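First up is the structure itself, then whatever we jot down about it.
FYI, side chains are in, hydrogens and waters are out, and symmetry mates aren't considered; it's all heavy atoms of this structure. Note that ligands are numbered from 1 as they come in the structure, with each ligand's atoms numbered from 1 the same way. Treat the numbers as computed from the prediction; the structure is a model and nothing was measured. Positions are given from 1 along the sequence.
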Amino acid sequence: MNIYKPNFLIFKDKNEADTFVSKTIIYTINKSKSKINLGLATGSTPIDVYKNLVKAYKSEKVDFIKVSTFNLDEYVGLTSNYYKKSYRYFMDNTLFDKININMNNTFFPINWNAEIKSSRTKFNEYDELIAKKGGIDLQILGIGENGHIAFNEPGTKLNSKTSKVNLTPETIEANSRFFKDANEVPRTSVTMGLNTILQAKKIILIAYGDKKLNALKALLSADSFNEEWPCTALLLHPNVTIVTDLINSICLN
Ligand code: PGA
């Protein structure tokens, strides 16, 4: 198994890093003559990147008509009262409703209010869909404090495809800031697997703020995949760029 060194870009501040990521997305869309598939993340990390994309669209610097999007994950078991906590709502509200993307081309691994009736539900149809549509050209990732990427928690296998997974207590706690309290946070989600993510042609991982430092250090110091830090799966991909604003913590320590 080949191990690759990610490109590691340390920016002076989050604003500069956001600008780099948004410009890379815009460039990727504009340079593509035909359709283009983006893999997108939710959470706090990409919010300002999405705001930059909306601004660029409004000033006619980019057109989303030929773009399809594949989100990394979605909670399972939200009732209609909790629609606004779904990642579908997050994406619609932050980006999709504000640009000219065709909503039929915005995909999630599961509908936010789907009832999972059978244990035989084939979640990996999402992987097949992504492959059928030509694969993800550019995947945007955040990272969890415990090193998860999407909801691939510590212990996830490298060959994992899209599946239903349990969230760890740390992730439930970290995500409780979006809910009234931790009890309201769904315990499960459907997430792209590590293998799904590694199929993307190019990956940008964004890590902002000191809370992400340990995960980032685990990734940068690893020399092979370590299940305890799912982010280390990225060492197996030849085209990964890590973007961070952790200049003080990384360069001065
Ligand atoms: P955050 O989450 O962007 O809200 O920090 C990232 C993640 O948990 O993957």
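Counting heavy atoms under 4.0 Å from ligand 1, residue Leu141 does not touch it at all. Residue Glu170 does not touch ligand 1, judged by heavy-atom distances below 4.0 Å.
Note on Leu72: it clusters hydrophobically with Ile143, by side-chain heavy-atom contacts below 4.5 Å among ILVMFWY residues.
For ligand 1, the atoms closer than 4.0 angstrom to any heavy atom of Arg177 are 1 (P), 4 (O), 5 (O). Every atom of ligand 1 with a heavy atom of Gly43 under 4.0 Å away is listed here by number and element: 3 (O), 4 (O).
Nearest protein neighbour of atom 9 (O) of ligand 1, counting heavy atoms only, is His148 NE2, 3.3 Å. When hydrogens are left out, the protein atom nearest atom 6 (C) of ligand 1 is Ile143 O, 3.5 Å; that is the closest non-hydrogen contact. Among all non-hydrogen protein atoms, the one lying nearest atom 3 (O) of ligand 1 is Thr45 OG1, 2.5 Å.
A ring-centre distance under 6.0 Å is found for Trp112 and Tyr83. A centroid separation of less than 6.0 Å is found between the aromatic rings of Phe179 and Tyr75.
Of the polar atoms of Thr42, none of the N or O atoms is found under 3.5 Å from an N or O of ligand 1, judged by distance alone. Ligand 1 has no nitrogen or oxygen under 3.5 angstrom from a nitrogen or oxygen of Asn175.
The shortest separation from a heavy atom of Lys212 to ligand 1 is under 4.0 Å, placing the residue in contact.
The list of ring-ring contact (aromatic ring centres under 6.0 Å, His included) pairs with a residue in residues 201-238, not counting sequence neighbours, is empty.
Ring geometry for Phe96 against Phe108 counts as perpendicular: the plane angle is over 60°, on a 0 to 90° scale with 30° as the lower cut.
Annotation for Lys201: atom NZ counts as buried by contact number, over 12 foreign heavy atoms lying within 6.0 Å.
A side-chain contact (heavy atoms from CB on, under 4.5 Å) with Glu153 is found for exactly one of Asn166, Thr191, Thr171, namely Thr171.
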